[in-house]
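Right, one structure below, let's go through it.
So that the names make sense, note that chain A is the first sequence line, chain B the second, and so on, each numbered from 1. The shown structure was predicted, so the numbers you read here are calculated from the model rather than taken from an experiment.
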There are 4 protein chains.
Amino acid sequence: MTKDFQTSKPIYIQIADHLSSQIVRGEMRAGEKLPSVREMAINSGVNPNTIQRTYSEMERMGIVETKRGQGTFVTENEQVLKELKICLQTDIIDAFVQNMKELGFSQEEMVEGLEQYFRRDQE
Amino acid sequence: MTKDFQTSKPIYIQIADHLSSQIVRGEMRAGEKLPSVREMAINSGVNPNTIQRTYSEMERMGIVETKRGQGTFVTENEQVLKELKICLQTDIIDAFVQNMKELGFSQEEMVEGLEQYFRRDQE
Amino acid sequence: MTKDFQTSKPIYIQIADHLSSQIVRGEMRAGEKLPSVREMAINSGVNPNTIQRTYSEMERMGIVETKRGQGTFVTENEQVLKELKICLQTDIIDAFVQNMKELGFSQEEMVEGLEQYFRRDQE
Amino acid sequence: MTKDFQTSKPIYIQIADHLSSQIVRGEMRAGEKLPSVREMAINSGVNPNTIQRTYSEMERMGIVETKRGQGTFVTENEQVLKELKICLQTDIIDAFVQNMKELGFSQEEMVEGLEQYFRRDQE
DNA sequence: GTGGTCTAGACCACA
DNA sequence: GTGGTCTAGACCACG
């Protein structure tokens with residue numbers, strides 16, 4: 001019944017991202033069954049169609065496989081899961097570096113800025 | 001006639017971000033006049049309405065000021081420009097940290113990951 | 001334990017097609033007994049219900065006959081088997097011609113395209 | 001107001017296939033604007049959502065590009081269009097050959113069968 | 001029970 | 001005006 005979605009990104013993408021994170025973090029294992037579309041819809045407090053779209057998108061990306069009449073499962077292709085983790089990570093770093101570069105930061109300043117951020121965080 | 005916009009973000013935001021970056025990097029100085037809406041529209045290859053919206057948005061954030069009949073100018077309030085730089089930077093780092101945390105990375109791993117990224121970049 | 005089904009077509013149809021092909025190719029003869037539903041299900045790695053449906057469908061088409069308590073058999077009506085071959089073949093060619101026509105190919109170009117395809121295959 | 005869809009394939013795919021054919025046949029040129037979602041929906045006698053899905057699918061395949069607030073256009077990347085034609089053609093021939101092979105036909109028999117089919121057609 | 005498709009109707013941001 | 005997303009509710013084929 002979690003209903004804390006951002007307004008900027010489509011909900012179906014946010015849910016897909018969240019599930020991908022769970023898989024990458026190992027909270028969901030290869031071959032494990034995802035909740036059914038309807039179940040997930042209730043849990044997330046959204047319409048089943050929205051979950052359907054989430055699952056379709058994830059299947060298109062090869063993260064998930066659907067077995068007819070049985071449900072949707074995390075792919076058993078471990079290679080894909082490894083790539084997924086790397087891909088997600090690289091995308092995030094890419095965006096970060098590009099944005100910081102646009103602001104005129106050098107690579108050293110980026111690392112420095114990040115460390116300062118954490119130091120401030122601890123206080 | 002630059003026409004390389006992403007599909008995910010609104011064009012007017014992308015242009016605003018680009019202008020903000022220029023200002024933060026010092027390529028545009030406090031008090032400097034921005035191109036007219038029409039001129040900017042032609043240069044960017046977009047609808048003048050879109051530029052209008054960009055300028056409105058930037059004015060709302062206090063980055064630029066519109067002087068009637070004269071045009072749009074970078075604010076002369078240096079304080080605002082300093083804050084702008086910090087604000088943009090913090091937003092970027094915030095997003096980065098949150099995304100990486102979602103993937104299960106610790107603070108140390110984030111710094112490490114970033115440095116690895118740069119090392120790979122140099123090769 | 002063959003488990004290489006397409007996602008687009010129903011599994012029970014794919015199995016029916018496969019069996020029909022075997023019959024048409026002469027690998028299964030008129031009057032020959034098909035594997036039992038359970039046996040076939042295990043061999044194919046699918047639910048017995050699915051095989052049941054396959055057999056029902058094939059019986060509906062007159063390709064097989066069910067003898068109570070004895071099992072399912074390829075029909076002994078040779079006429080039906082002849083027609084089956086022609087029917088299957090015509091369906092395939094029909095689909096091919098219609099699809100190619102949709103792409104703007106003339107009859108000559110279809111034959112030509114097919115021959116080119118084989119030539120490329122041999123290299 | 002054409003409403004002659006097969007029951008076997010999803011409507012949104014059938015429409016996508018039809019549009020692709022038109023593009024491949026040259027009836028729609030690179031850069032040409034497609035009807036708006038709503039317009040197309042009325043013309044086809046289906047729900048706008050269905051057309052939306054058609055366009056999304058085609059964009060995913062690179063056949064079509066959407067410009068924000070302006071509409072959906074045939075891609076101007078001629079290379080993609082060439083590949084599309086080849087790809088569609090090869091898929092059709094592939095399916096044909098595989099199906100015929102399953103029935104036990106040799107390559108020569110396939111060509112022969114096709115030519116006979118056309119001869120019968122002319123009578 | 002499962003996922004897949006479709007409709008009807010609505011709202012939104014963007015140009 | 002455009003496309004994009006979402007809801008509500010329905011029906012279907014499949015296993």
Problem set entry | D:Gln52 CD to E:dC12 P, straight-line distance once rounded to whole Å | 17 Å
For this session: Would you mind reading off the distance between D:Glu65 atom CD and F:dT2 atom P, rounded to a whole angstrom?
Result: 19 Å
For this session: Nearest whole angstrom, please: distance from the P of E:dT5 to the CD of D:Gln14.
Result: 12 Å
Problem set entry | D:Lys33 NZ to F:dG3 C1', straight-line distance once rounded to whole Å | 10 Å
For this session: Sort and list the pairs that fulfil side-chain hydrogen bond (donor to acceptor under 3.5 Å, both in side chains) and have at least one residue in residues 89-101 of chain A, not counting sequence neighbours.
Result: A:Asp94-B:Tyr117
Seminar exercise, completed: Sorted by chain and residue number, the ring pair (Phe, Tyr, Trp, His ring centres under 6.0 Å) partners of B:Tyr12 (sequence neighbours excluded) come out as none
Exercise. F:dG3 P sits how many Å from D:Glu57 CD, rounded?
Worked result: 17 Å
For this session: Could you pull out all residues at least two apart from A:Asn47 that satisfy side chain to side chain contact (heavy atoms under 4.5 Å, CB included)?
Result: A:Asn49, A:Thr50
Problem set entry | Dot-bracket encoding of pairs in DNA chain F, which uses [ ] for pseudoknotted crossings and | for another strand, Watson-Crick or G-U under 3.5 angstrom | ||||||||||||||.
For this session: Report the residues that fulfil side chain to side chain contact (heavy atoms under 4.5 Å, CB included) with A:Arg25, sequence neighbours left out, ordered by chain and then residue number.
Result: A:Ser21, A:Gln22, A:Glu27, B:Glu102
For this session: Using the test side chain to side chain donor-acceptor pair (under 3.5 Å), find all partners of D:Glu57 that sit at least two apart in sequence or belong to another chain.
Result: D:Arg60
Problem set entry | Nucleic acid footprint by protein, nucleotides 9-15 of chain F - heavy-atom cut-off 4.0 Å, B for base, S for sugar-phosphate alone | B----BS
For this session: Could I get the full list of side chain to side chain contact (heavy atoms under 4.5 Å, CB included) partners for D:Glu83, not counting sequence neighbours?
Result: D:Gln79
Exercise. Hey, what do you get for CE (B:Met40) to CD (B:Gln52), rounding to the nearest 0.5 Å?
Worked result: 12.5 Å
For this session: With sequence neighbours left out, write down each residue that passes ring pair (Phe, Tyr, Trp, His ring centres under 6.0 Å) with B:Tyr55, or none if nothing qualifies.
Result: none
Seminar exercise, completed: Rounded to whole Å, the CZ-C1' distance (A:Phe73 to E:dG3) equals 11 Å
Exercise. With respect to the phosphate group of F:dG3, does any side-chain polar atom (N or O) of D:Thr66 fall under 4.0 Å of OP1 or OP2?
Worked result: no
Exercise. Between F:dC6 atom P and A:Gln6 atom CD, what is the distance in whole Å?
Worked result: 12 Å
For this session: Calculate, to the nearest 0.5 Å, the distance between atoms CD1 and CD belonging to C:Ile23 and C:Glu32 respectively.
Result: 9.0 Å
